[in-house]
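Remarks on the structure that follows.
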Amino acid sequence: WLFGCDACQEVCPHNAPTLRSLKAGKNPSLGGDAHALDVLDVLNWDEDARRAAVSGTAMTRVKLDQWKRNALIVAGNLLSNEDDPPLRARIAAMAQDAGASELVRETACAVTASA
């Protein structure tokens, strides 16, 4: 998951229906994938982009480095199924970025090694 633990994903009414979520209903303003996040976009976020993307949601609690770590893991999973040269290049660049946090660099290195 890019955001949220397994329990969050299971009970969120904006994900695949569960017995609990069917009873809760959905917010009609959140239709389809209108609010889906692109992994490559997240990998390119700066703090302003993060704030703009998650403003007014519970996702504001996740810090930029955590978003990038999660996006790197999702990217690695995507690359294991299908090659994506721009995504692979972004991950490689992040692994070498001295300005990135240790968390982000180490995750990017691990994804690069496994992808």
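Heavy atoms only, all atoms of each residue included: Val104 and Lys68 are closest at CG2-CB, 3.9 Å. The shortest non-hydrogen separation linking Asp38 to Asp41 is OD2-N, 3.0 Å.
A donor-acceptor contact shorter than 3.5 Å is absent between the side chain of Ser55 and the backbone of Ala52.
Note on ring orientation: taking the six-membered ring where Trp is involved, the planes of Trp45 and Trp67 are perpendicular (angle over 60°, cut-offs 30° and 60°).
Under the 4.0 Å criterion applied to side-chain N and carboxylate O atoms, Glu47 and Arg50 are assigned as salt-bridge partners.
Here the CG atom belonging to Asp46 is positioned 7.5 Å from the CG atom belonging to Leu64, to the nearest 0.5 angstrom. Here the CZ atom belonging to Arg90 is positioned 8.5 Å from the CG atom belonging to Leu72, to the nearest 0.5 angstrom. If you take CD on Gln96 and SG on Cys109, they are separated by 6.0 Å, rounding to the nearest 0.5 Å. Put simply, CD1 on Ile91 and CG on Leu78 are 8.5 Å apart, with the number rounded to the nearest 0.5 Å. A distance of 4.0 Å separates CZ of Arg61 from CZ of Phe3, quoted to the nearest 0.5 Å.
Cluster annotation: Ile73 is not connected to Val62 through the hydrophobic network of ILVMFWY side chains, with a link wherever side-chain heavy atoms come within less than 4.5 Å. Using a 4.5 Å cut-off between side-chain heavy atoms of Ile, Leu, Val, Met, Phe, Trp and Tyr, with links allowed through other members, Leu40 and Val74 fall into the same hydrophobic cluster. In this structure, Val111 is a member of the same hydrophobic cluster as Leu2, with clusters built from ILVMFWY side-chain heavy atoms closer than 4.5 Å.
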